[in-house]
Amino acid sequence: MKLHADCEKLLFSAEEIAAKVKDLAARLDEEYRGKTPLAVCVLKGAAFFFCDLVRAMDTPVQVEFLRVSSYGSGVTSGVLRTERTFPFDPAGQDVLLVEDIVDSGKTLRFLKESLLSHGAKSVKTATLLDKPSARTVPFSADWKGFDVDGGFVVGYGMDYAEKYRDLPYIALLKREIYRR
Ligand code: PRP
């Protein structure tokens, strides 16, 4: 497939992503054998990964979708909130939080703590991409697909100004697009 004109470099093709999703699904099946976890998608970025991942798993899961937003000027404020209290009851559930990317670590750290404080039996996290160099709070996902480093990553759910989520691959955005 032709790379979008706003992208500088292909990072992971649709085929590479599909192979990684299959691999992660197999590892999750091992972890959750005999259980029915509650798989929670952190909208919007994780939506594509989430739908592919749960369908690649043999384990039966229940699904929920969460929108998380930050107070003030973006996540730099460091205060996150769910749009409302959880739209489901996590008490007693084995929760699997699914993200597209972990940057600062604030979103998953906050959600994990919050779900545990609402009585979740266990909370584990799976992310397709991990950017360890961007961490501002300590956080490690239980499962991750690929490491990424600098640059602005788009595609397969990830956006810049709400564009590029629908690209089937993951790519680096050209600097002139996000600097202007
Ligand atoms: C992105 C991503 C994660 C979060 C990771 O979401 O999908 O949810 O940021 O960043 P963190 O580790 O620094 O908390 P974003 O706020 O861009 O919303 P979106 O998923 O709707 O695009």
Side-chain angles (χ1 to χ4, degrees), residues 4 6-8 11-12 14 17 20-21 24 28 37-54 61 63-88 90 95-118 120 123-175 177-180:
H4 191 292
D6 293 351
C7 296
E8 175 180 297
L11 290 181
F12 308 107
I17 295 167
K20 186 62 80 175
V21 167
L24 288 169
L28 291 165
L38 179 64
V40 177
C41 173
V42 185
L43 293 170
K44 298 177 195 174
F48 296 71
F49 173 50
F50 180 84
C51 293
D52 286 344
L53 185 68
V54 297
V61 299
V63 298
E64 290 289 352
F65 297 82
L66 266 188
R67 184 103 191 101
V68 181
S69 47
S70 52
Y71 281 122
S73 54
V75 289
T76 47
S77 67
V79 185
L80 294 166
R81 63 183 172 91
T82 54
E83 225 165 49
R84 43 191 179 277
T85 52
F86 293 116
F88 55 87
V95 178
L96 171 64
L97 274 171
V98 179
E99 264 289 21
D100 50 335
I101 186 164
V102 180
D103 282 308
S104 70
K106 286 175 184 168
T107 303
L108 281 189
R109 193 181 153 100
F110 163 79
L111 284 177
K112 186 171 178 174
E113 283 173 5
S114 190
L115 286 159
L116 286 170
S117 76
H118 283 80
V123 180
K124 299 225 167 183
T125 53
T127 186
L128 181 60
L129 301 186
D130 192 14
K131 201 187 240 187
S133 59
R135 240 18 137 257
T136 59
V137 297
F139 183 82
S140 292
D142 296 287
W143 298 274
K144 64 174 169 178
F146 306 101
D147 276 329
V148 289
D149 203 358
F152 206 102
V153 179
V154 295
Y156 196 61
M158 287 168 281
D159 74 310
Y160 172 66
E162 294 303 326
K163 285 180 76 180
Y164 317 110
R165 292 194 198 273
D166 54 339
L167 297 177
Y169 49 78
I170 295 171
L172 272 186
L173 197 60
K174 285 181 179 166
R175 272 169 185 267
I177 304 294
Y178 61 91
R179 288 266 167 87
R180 73 186 170 204

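Counting starts at 1 for both ligands and their atoms, in listed order.
- Note that the NZ atom of Lys174 and the CG atom of Asp6 stand 7.0 Å from one another [nearest 0.5 Å].
- Looking at Val137, Leu111, Asp103, Asp100 and measuring to atom 7 (O) of ligand 1, the nearest heavy atom belongs to Asp100.
- Heavy atoms of Arg165 come nearer than 4.0 angstrom to ligand 1 in at least one pair.
- Residue Asp159 touches ligand 1 through its side chain alone, judged by heavy-atom distances below 4.0 Å.
- In terms of heavy atoms, Leu173 sits closest to Tyr178 at O-CE2, 3.6 Å.
- Figure legend: cation-pi geometry between Lys20 and Phe146, with NZ or CZ positioned under 6.0 Å from the six-membered ring centre and within 45° of its axis.
- Contacts with ligand 1 closer than 4.0 Å are made by no heavy atom of Arg109, backbone or side chain.
- Taking a 4.0 Å cut-off on heavy atoms, Gly105 registers as neighbouring ligand 1.
- Counting atoms of ligand 1 from 1 in the listed order, those under 4.0 Å from a heavy atom of Leu43 are 20 (O), 21 (O).
- With Val95 as the partner, the side-chain contact (heavy atoms from CB on, under 4.5 Å) test is satisfied by one option alone out of Leu116, Val123, Leu111: Val123.
- Residue contacts with ligand 1 do not include Met158, since none of its heavy atoms lies under 4.0 Å from the ligand.
- Atoms of ligand 1 lying under 4.0 Å from any heavy atom of Lys106, numbered from 1 in the order shown and given with element: 12 (O), 14 (O).
- Judged purely by atom type and a 3.5 angstrom limit, Arg135 uses its side chain to pair as donor or acceptor with the backbone of Phe139.
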Ignoring hydrogens and angles, write down the donor-acceptor pairs under 3.5 Å from the side chains of residues 37-52, residues two or more places apart or on other chains.
from: Lys44; atom 1: NZ; to: Glu162; atom 2: OE1; distance (Å): 3.1
from: Asp52; atom 1: OD1; to: Arg55; atom 2: NH2; distance (Å): 2.8
from: Asp52; atom 1: OD2; to: Tyr156; atom 2: OH; distance (Å): 2.6

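- Partners of Thr136 by side-chain contact (heavy atoms from CB on, under 4.5 Å), not counting sequence neighbours, listed by chain and number: Ser104, Lys106.
- Close N/O approach between Val42 and ligand 1 is not found [any backbone or side-chain N/O within under 3.5 Å].
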